[in-house]
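What follows is a short report on a single structure.
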Amino acid sequence: MDQEKELIELSGSVESVIYKNEENGYTVLRLRNENDETVTVVGCIPFASPGETLYATGTWTTHNVHGRQFKAEFAQRVMPTDETAIYQYLASGTVKGIGPATAALLVQKFGKQSLDVLENEPQRLTEIKGITPKKAAQMSASFRQQVGVRRLMEFICSFDLRPVLAMRMYKYYGDKALDLLRENPYLLAASHIGGSFYEADRLALDLGFDEHNRSRVSAAVLFELQHNLGNGHCFIPREKLVAVTSELIRVEPESVEESVKDLIESGLLRFEEIAGCRACYLPELYEAETDTATQLARMCRRRFDEKADLNALIAQLEQKLGIRYAKLQKDTLNLALKHQLLVITGGPGTGKTTSIRAILALFDELGIRTLLTAPTGRAAKRMTELTGREASTIHRLLGAKFDEDGERVIFSKNEGERLECDAVILDECSMVDIQLMDALLKALPPDARLILVGDADQLPSVGPGNVFSAVIRSGAVATVRLTEIFRQNEGSRIIKNAHLINKGEHPDFSANTGDFFRLKRLQAASTVDTIVELCASRLPQKMQIPSSEIQVLSPTRKGELGTVNLNKRLQEALNPSAKEKKEKLFGDEVFREGDRVMQIRNNYDILWHNENNTAAGLGIFNGDIGNIVSVDLEGETLTVDFDGRIAQYGFDSLLELEHAWAMTVHKAQGSEYRAVILALGNSAPMLMTRDILYTAVTRAKDLLILVGDEEVAHRMVDNYRPSKRYCALRVRLRSLCGLD
């Protein structure tokens, strides 16, 4: 081994922490070594604090800016034991609720026992004037959490795994996390922890698990099924499941087949031959699909014998509302009145909203209590604006929350406590996956009507299944197809081009007029510059469209035209750093007061309140958009206003947020914006598709600007990849309705 690369040991006392990244544990600190010299140490040293003794193994390197520093490959910390070091540790703010003044009082009262009292005898902290029992409990909990997370992080980092996995493990399993992880490393690959199977497998093998260990093979099988939920599949054919698992972990197919048999026998995997396919399901997906099919089939068979004179009612509504319904709308009202289940589908400008309003007015006239819902907060808000009636997300409607273990989502509205209504109108139904549809159906009263509304040509749900399309294609459900563009929308080039794209024809780029514009840019750098200029000055100044009403979209997160880079550039232009704005560096992102951010996973436990504190609730959901109103560096919290719902995040929860001046087309689904700017550049073929372009174009209400190479748009139109998902809802529904 070269002398330069030979690992050496370094020890000393941590004097100060210059930089720390909560997401990956990377830390820069100043260390007073045994020779009484102060040196710089860098590496994965999560939760390092002044006063600790550090034992590091690594190499000396020279940074071109910061000079000589010690790069730690491994690090072990020892909590401070003398009073001076304990004071340093506590005064650094590493424990929430303890600053220099409180640290001095603690050390003065308890001396060398301060940390032991803090961890094991928190009630004694109340002996210090000003510390209440509640505050003592909070201080102790903060210290115990930090110690537990740090031990777990050191274990995780010693195997070169991401420290964020330790934070999530501790969140769900607390002090038991480390023992559970040693016993079953494959916990890392659970969906609520977010590790990959590869990370869990590497840890297991490093801990001595055998390659052919049955637990390993079974974990790989379940991983493949879980992983493919993200690709929209409800099941995987048995032959394919065995083959991909065998390839994944490089074991014989026979060994995988044995594990599949064991998993079926144990109930951890469900197997059924359906439509000539030997389907393997995760149990919860099997139940969701079969239950959904059963419920929908039951509703298909139900007819209502309404005594009301529909023609008279329609005439009365037309006079009351000052409108005239077309024949198709009258037919739709007739179907909504007589059928328990109805589907309404159509592209932009074809009258879906008009149909919703008409049905709502009819139901109101008949005293049919109707709830409005949509998959996302943005879609629900839009539904409220268009109908004048309160709409909520499906999750909020059903009272979604985590179970006691924090691992599974449960709904307070279900078979035992159903929704109080006679009808539900669900908009943007193409976004609803099989499990969410199952939950909604279980919460419906047995006689309640269900109206499913959406555009079947948009992107399918992110989650498993292709529910809306399957219901329509089954031929079992009464369906209204809206195809004619309403007269008031005929002049919209957004709508015209959306329909051209949907038919596989290239959009009309011949004129930059009306509400549809194309700015040709052939280089990624100039495309980004133009997008930033449009948001920062051109649209606000020339068209009086404020930047808050402009949404930048991209098919991808990655690359120069991806949302990550676009958000950095847009932040610099729209919300630059300033003395009066507090900010928090988290990983590679800066969260600053005034930033536009998006919640990127469902959080059913986060508490929110309105501006006047007159209302409160639980839950901020994937896709919700808000603005950072304050950053509290001392309290380590960040406050976000989500359209009047104000929620507070601890810095350790910032993984749930990302900047949202730019977002992917997938994330924008179900939303509508006054102005949309679409970045057009080359990306992975699976993202450059017709349905992604169609979905992007239909997000714009008043203005759409395509920036980039128009040939990219043409290739997207030509790249027609209808979603092929392993799901059997259509087959089950046809069978139950006697159509096969």
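In this chain, numbering begins with 1 at the start of the sequence shown.
Residues satisfying the side chain to side chain donor-acceptor pair (under 3.5 Å) test with Glu284, not counting sequence neighbours, are none. Qualifying salt bridge (Lys or Arg N to Asp or Glu O under 4.0 Å) partners for Arg303, counting only residues two or more places apart in sequence or in other chains: none. Arg238 pairs by the salt bridge (Lys or Arg N to Asp or Glu O under 4.0 Å) definition with Glu257, not counting sequence neighbours. Among residues two or more places apart in sequence or in another chain, the ring-ring contact (aromatic ring centres under 6.0 Å, His included) test is passed with Phe363 by none. Under the rule for a side chain to side chain donor-acceptor pair (under 3.5 Å), Thr353 has no partner lying at least two apart in sequence or in another chain. Every ring-ring contact (aromatic ring centres under 6.0 Å, His included) that His233 has, sequence neighbours left out, goes to Tyr726. By the side chain to side chain donor-acceptor pair (under 3.5 Å) test, Arg302 is found to be paired with Asp447, residues two or more places apart in sequence or in another chain being considered. Partners of His499 by ring-ring contact (aromatic ring centres under 6.0 Å, His included), not counting sequence neighbours: none found. For Arg730, there are no side chain to side chain donor-acceptor pair (under 3.5 Å) partners, not counting sequence neighbours.
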Let me check something: any side-chain donor-acceptor pairs from residues 432-443 under 3.5 Å, sequence neighbours excluded? List them with distances.
residue, atom, partner, partner atom, Å
Asp433, OD1, Gln435, N, 3.1
Asp433, OD1, Leu436, N, 2.9
Asp438, OD2, Lys442, NZ, 3.1
Lys442, NZ, Asp291, OD2, 3.3

Please set out all donor-acceptor pairs under 3.5 angstrom arising from side-chain atoms of residues 472-480, sequence neighbours excluded.
residue, atom, partner, partner atom, Å
Arg473, NE, Ser469, OG, 3.0
Ser474, OG, Val471, O, 2.7
Ser474, OG, Ala476, N, 3.1
Thr479, OG1, Val477, O, 2.9

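Here His395 and Tyr604 bring their ring centres to under 6.0 angstrom of each other.
Pairs of residues two or more places apart, or lying in two chains, never qualify as ring pair (Phe, Tyr, Trp, His ring centres under 6.0 Å) while including a residue from residues 316-351.
When all heavy atoms of Ala391 and Ala380 are compared, the closest pair comes out as CB-O, 3.5 Å.
Lys667 and Asn622 share a side-chain donor-acceptor pair at under 3.5 Å.
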